[in-house]
Amino acid sequence: MGDTAESDWKRIAGRVAVLLRQANGRSDDPEAAAKLLGYAAAYLAAREPMPDALADYVASAFEAAATATKAPDGVPIEHRRIDALLRGLRLKRSNNRPAHVAPRFELAMLIHEAGDVSETKLKRIVAERFGVGESTALSWIKEVKPKVAEARRLFAAEKPSADVP
């Protein structure tokens, strides 16, 4: 193997690590998962040894599909195997829809500016502003609101008194 080809495989191996973090991360990035499949196919087609992490990723998805069992819900076993494979490869999210990631900074600013508005009204404002459902908005609020309160408390504690020059 030439030096160029070898360096290409090493470069790809470095990308694989980053893509695995993206595919397995909190946001379950299906695009990263698709790129991982492309790299796995390239390694297999070239008969090159895959990086261990990529091999583990593919193997665990295959194993999940192979060991899927028929459930009493009447879904055919083939569908369960396909579903297990897609989930194992991170091409399908567990809730079948994109994960919404809270825009924490913007949300914190909105909560701060809203002041003491009711949680119901705040939930509606957040849902409308960020294009998410009210249950998602409420979970975001419950995640960020205590941090905003803590920041307010810390800021208030650090304010110099009026009699200090």
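This structure is a prediction, so every number in the text was calculated from the model and none was measured.
The CG atom of Leu110 sits 5.0 Å away from atom CZ of Arg129, with the distance rounded to the nearest 0.5 Å. Taking CG of Leu89 as the reference point, atom OG of Ser60 lies at 8.0 Å (rounded to 0.5 Å). Rounding to the nearest 0.5 Å places CD of Glu31 at 9.5 Å from CG of Leu91. Taken from CD in Glu113 to CD1 in Ile125, the straight-line distance is 10.5 Å, to the nearest 0.5 Å. Interatomic distance, CG of Leu107 versus CG of Leu122, reported as 7.5 Å (0.5 Å rounding).
Hydrophobic clustering keeps Leu138 apart from Val117 (ILVMFWY residues linked when any side-chain heavy atoms are closer than 4.5 Å, directly or through intermediates). By the criterion of side-chain heavy atoms lying less than 4.5 angstrom apart, applied directly or through intervening Ile, Leu, Val, Met, Phe, Trp or Tyr residues, Leu44 is grouped together with Tyr39 in one hydrophobic cluster. Tyr57 and Ile82 fall within the same hydrophobic cluster, defined by Ile, Leu, Val, Met, Phe, Trp and Tyr side-chain heavy atoms under 4.5 Å apart, directly or through other members.
Of the possible polar contacts, none joining the Arg90 side chain to the Ala33 backbone as a donor-acceptor pair under 3.5 Å is found. Here the side chain of Arg152 pairs a donor or acceptor atom with the backbone of His112 at under 3.5 angstrom.
Of all heavy-atom pairs between Pro146 and Ile141, the closest is CD-O, 4.0 Å. Between Val16 and Leu36, the shortest heavy-atom contact is O-CD2, 3.8 Å. Here the closest non-hydrogen pair linking Ala137 and Lys123 is CB-O, 3.5 Å. The minimum heavy-atom distance between Pro51 and Tyr43, with the atom names listed, is CD-CZ, 3.4 Å. In terms of heavy atoms, Ala64 sits closest to Ala84 at O-CB, 3.6 Å. Looking at every heavy atom in both residues, Val132 comes nearest to Val126 through CG2-O, 4.4 Å.
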Exercise for the section: Start with the C-alpha gap between Glu150 and Lys147, add the side-chain angles, then the distance that decides, and say whether salt bridge (charged side-chain N to carboxylate O under 4.0 Å, His left out) holds. Expected result: CA-CA 5 Å; Glu150 177 68 8; Lys147 294 173 183 166; over 6 Å; no

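Between Glu78 and Arg81 no salt bridge is recorded (no basic side-chain N to carboxylate O distance below 4.0 Å).
Atom CD of Glu128 has 12 or fewer neighbouring heavy atoms from other residues, nucleotides or ligands inside a 6.0 Å radius. Within 6.0 Å of CD on Glu63 lie no more than 12 heavy atoms contributed by other residues, nucleotides or ligands.
Within the 4.5 Å cutoff, side-chain heavy atoms of Lys142 are placed close to those of Glu119.
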